[in-house]
Participant: 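Quick one: the structure is below, and I'll ask about it shortly.
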Number of protein chains: 2
Amino acid sequence: MKHASEDIIEALKNARKARGLSQRALSERTGVPQSHISKIEQGNADIRLSSLIELARALELELKLVPRKALPAVESVVRTVSPPQATTSADTSKDVRRALDIIAQLRSTFPDLSGLRTLQEGLQIASHVKDLTRYQEQIRSITKPIRDIQKQTAQLKKRNDEITLPASTLREITQTADVARQLRSHLANSPQLTPSKPRPAYRLDDDDIDFRQSGEAGDG
Amino acid sequence: MKHASEDIIEALKNARKARGLSQRALSERTGVPQSHISKIEQGNADIRLSSLIELARALELELKLVPRKALPAVESVVRTVSPPQATTSADTSKDVRRALDIIAQLRSTFPDLSGLRTLQEGLQIASHVKDLTRYQEQIRSITKPIRDIQKQTAQLKKRNDEITLPASTLREITQTADVARQLRSHLANSPQLTPSKPRPAYRLDDDDIDFRQSGEAGDG
DNA sequence: GATTTTGATCTCCTTTGACATATCGAACGC
DNA sequence: GCGTTCGATATGTCAAAGGAGATCAAAATC
């Protein structure tokens, strides 16, 4: 249905996840059925004000009507007071591992997508870095699209025999690959990389990649 | 029905009035029937998110989900960016005159309510002050309850023959009377009072009161 | 590999918002 | 007085939310 409410709904969803709550957990706190929460987060329900407030309160959020004029200032304040989020480095590592699994699947389905390999390279290097705190944002911007793509293909798999990727998805892969390339060069210069335990000539795993600033020059 | 949505609804209502829009005018802009807007502002409708956003946008407001932690900061910012409101002194004078009319009615119905006399005194003094800008807030906090009380009694009048005031209303009158007393003492010291045209020994109108710090001491 | 968790989806039924339309009393202006 | 505007209400219709289930596939966990 997609209302103009997207932002609010998105914020609600993010808040729930940020607090580590499942839909069912939130359902128990609020009395709102899980099925309904799902519909809401999907954007398939035009929720009532009382319900919205109820959900928001359970997530320690308050609904505010702010003058359009004051919006930028308010957003800035919110960003300052409650920083982007405290994702732990451990969470990020988990994300990386999960994304690598997904990429492995995807690569077997789409062997000819070079972008996937670039993504894999970037993430594999990242998976060997102990503290990913500094790279959280970059990594998230890689892992998130990957999960999205997987969901897409999963849906396609259910219906069709033939799996095809829409142009938009291909473009997303390309863009994300750029981020992965950036990440790789950042990490290559990182003091964090040399450490851990000595690895035989940088050969890491079975399918692992040599990540010393390997040429591949072109960046776009 | 009274949901926790009160604040939002109140803000919406205030925003409409601040922009000088009638319910019908807002209705035309948004397509939402006036009858519905009335119900909403009355608190008798649990509005849907899409409708709320629509109304808000028409009033140049944006709905925001802000972390409870950031609330004070946000409220402060909003106050700074969009100042309290520009009620004109003329509007205030009008409010005062209207409230005086209402009090006259109320006093004839409830001759034994001394609080009403205190209110009348304060407002009558105010009605002779040219520029009420400095006292807008105080005056509003007097006139608003008066109008509310009138609405209550008006409703009672429709049903019953006997008109009685609930204890809560009596308490409201007492509290408001305190504000009126404050206002009177403020105005008594105001340079604005002496002015206008010479009045015969401060006898103003037919039912007017001598407002040089007149005793009347007792408050109960 | 087996089990639990999670989120999406469906059904059945009740409640209620949204809209249209009309009326009402109070207040204001002419 | 007379017409207008304002906000509050009433009635009837329709679509969608709310609520209580249950089911299911994919993920996460062990």
Side-chain angles (χ1 to χ4, degrees), chain A residues 1 3 5 9 12-13 16-17 19-28 30-55 90-91 94-95 97-102 105 143 146-148 150-159, chain B residues 1 3 5 9 12-13 16-17 20-28 30-55 90-91 93-95 97-102 104-106 143 146-148 150-159:
Chain A
M1 196 156 289
H3 307 91
S5 349
I9 296 304
L12 213 57
K13 189 170 172 178
R16 175 178 65 78
K17 295 197 170 174
R19 306 208 77 214
L21 291 175
S22 69
Q23 291 182 345
R24 279 192 172 81
L26 183 58
S27 164
E28 280 165 24
T30 57
V32 177
Q34 178 267 330
S35 60
H36 198 215
I37 293 179
S38 172
K39 247 197 276 183
I40 292 167
E41 292 190 352
Q42 220 76 28
N44 295 327
D46 193 358
I47 194 177
R48 288 183 195 160
L49 179 54
S50 61
S51 306
L52 175 57
I53 290 179
E54 198 178 356
L55 289 174
D91 289 339
K94 205 169 173 181
D95 276 355
R97 274 183 274 117
R98 197 174 300 168
L100 278 173
D101 281 349
I102 297 176
Q105 288 176 230
T143 57
I146 290 174
R147 304 199 66 164
D148 289 348
Q150 195 221 16
K151 280 188 187 170
Q152 278 183 43
T153 59
Q155 281 195 332
L156 287 174
K157 211 173 284 181
K158 278 208 301 194
R159 312 172 215 249
Chain B
M1 197 155 288
H3 308 91
S5 350
I9 297 305
L12 211 56
K13 188 171 173 177
R16 175 179 65 77
K17 294 196 170 174
L21 290 176
S22 70
Q23 290 183 344
R24 282 192 171 81
L26 182 58
S27 164
E28 280 166 24
T30 56
V32 177
Q34 178 268 328
S35 63
H36 198 216
I37 294 178
S38 170
K39 247 197 271 183
I40 292 167
E41 292 189 352
Q42 220 67 32
N44 296 326
D46 192 359
I47 195 177
R48 292 192 188 147
L49 180 53
S50 61
S51 306
L52 175 57
I53 290 180
E54 197 179 356
L55 287 174
D91 288 339
S93 301
K94 205 169 173 181
D95 276 356
R97 274 183 273 118
R98 196 173 302 169
L100 278 171
D101 283 349
I102 296 175
Q105 288 175 229
L106 289 176
T143 56
I146 290 174
R147 305 200 65 166
D148 289 347
Q150 195 222 17
K151 282 186 187 173
Q152 278 183 43
T153 60
Q155 281 195 330
L156 288 174
K157 210 173 286 179
K158 279 209 299 195
R159 313 172 214 250

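Here the structure is a predicted model, which means the values were calculated and not measured. Chain letters run A, B, ... following the sequence lines, proteins first and then strands; every chain starts at 1.
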Participant: Under 4.0 Å, counting only non-hydrogen atoms across every strand here, what does A:Glu41 touch: a base, just sugar-phosphate, or nothing?
Facilitator: nothing

Participant: Separation of A:Ile37 atom CD1 from C:dT6 atom C1', in whole Å?
Facilitator: 12 Å

Participant: Between A:Asn44 (CG) and D:dA16 (P), how many Å, whole number?
Facilitator: 12 Å

Participant: With respect to B:Leu49, which candidate in A:Leu49, A:Leu52, A:Ile40 satisfies the side chain to side chain contact (heavy atoms under 4.5 Å, CB included) definition?
Facilitator: A:Leu52

Participant: Mind checking B:Ile47 for me? I need base, sugar-phosphate or nothing, with any heavy atom below 4.0 Å counting as a touch.
Facilitator: sugar-phosphate

Participant: Is there a donor-acceptor pair under 3.5 Å between the side chain of B:Asp46 and the backbone N or O of A:Ser50?
Facilitator: yes

Participant: Does any donor-acceptor pair link the side chain of B:Gln23 with the base of D:dA8 at a separation under 3.5 Å?
Facilitator: no

Participant: Phosphate oxygens OP1/OP2 of C:dG7: is one of them under 4.0 Å from a side-chain N or O of A:Ser38?
Facilitator: no

Participant: Would you mind reading off the distance between B:Gln34 atom CD and C:dA20 atom P, rounded to a whole angstrom?
Facilitator: 13 Å

Participant: Distance check, rounded to the nearest 0.5 Å: A:Lys39 atom NZ versus A:Gln23 atom CD?
Facilitator: 12.5 Å

Participant: In whole Å, what is the span from the CG atom of B:Asp101 to the P atom of C:dC28?
Facilitator: 8 Å

Participant: Figure out the CG/P separation between A:Leu21 and C:dT6, and round it to whole Å.
Facilitator: 10 Å

Participant: Heavy atoms only, 4.0 Å cut-off, all strands: where does A:Ser22 land among base, sugar-phosphate and nothing?
Facilitator: sugar-phosphate

Participant: Could you check how far CD1 of B:Ile102 sits from P of C:dG25, rounded to whole Å?
Facilitator: 18 Å

Participant: Separation of B:Lys39 atom NZ from C:dT21 atom P, in whole Å?
Facilitator: 15 Å

Participant: D:dA17, C:dG17, C:dT9: which one has an atom nearest the side-chain heavy atoms of B:Asp46?
Facilitator: C:dG17

Participant: Between CD1 of B:Ile47 and CG of B:Leu12, what distance do you get to the nearest 0.5 Å?
Facilitator: 6.5 Å

Participant: Compare every heavy atom of A:Arg16 with every heavy atom of A:Leu26, then report the nearest pair and how far apart it is.
Facilitator: CD2-CD, 3.7 Å

Participant: Could you tell me the separation between the NE2 atom of B:His36 and the P atom of C:dA18, rounded to a whole number of Å?
Facilitator: 4 Å

Participant: Give one of base, sugar-phosphate or nothing for B:Ser35, where a contact means two heavy atoms less than 4.0 Å apart.
Facilitator: base

Participant: Please compare B:Ala25 and A:Pro33 by the position of their nearest nucleotide in DNA chain D and report the one closer to 5'.
Facilitator: B:Ala25

Participant: For a quick test of reading the model: is some side-chain N or O of B:Arg24 closer than 4.0 Å to OP1 or OP2 of D:dT4?
Facilitator: no

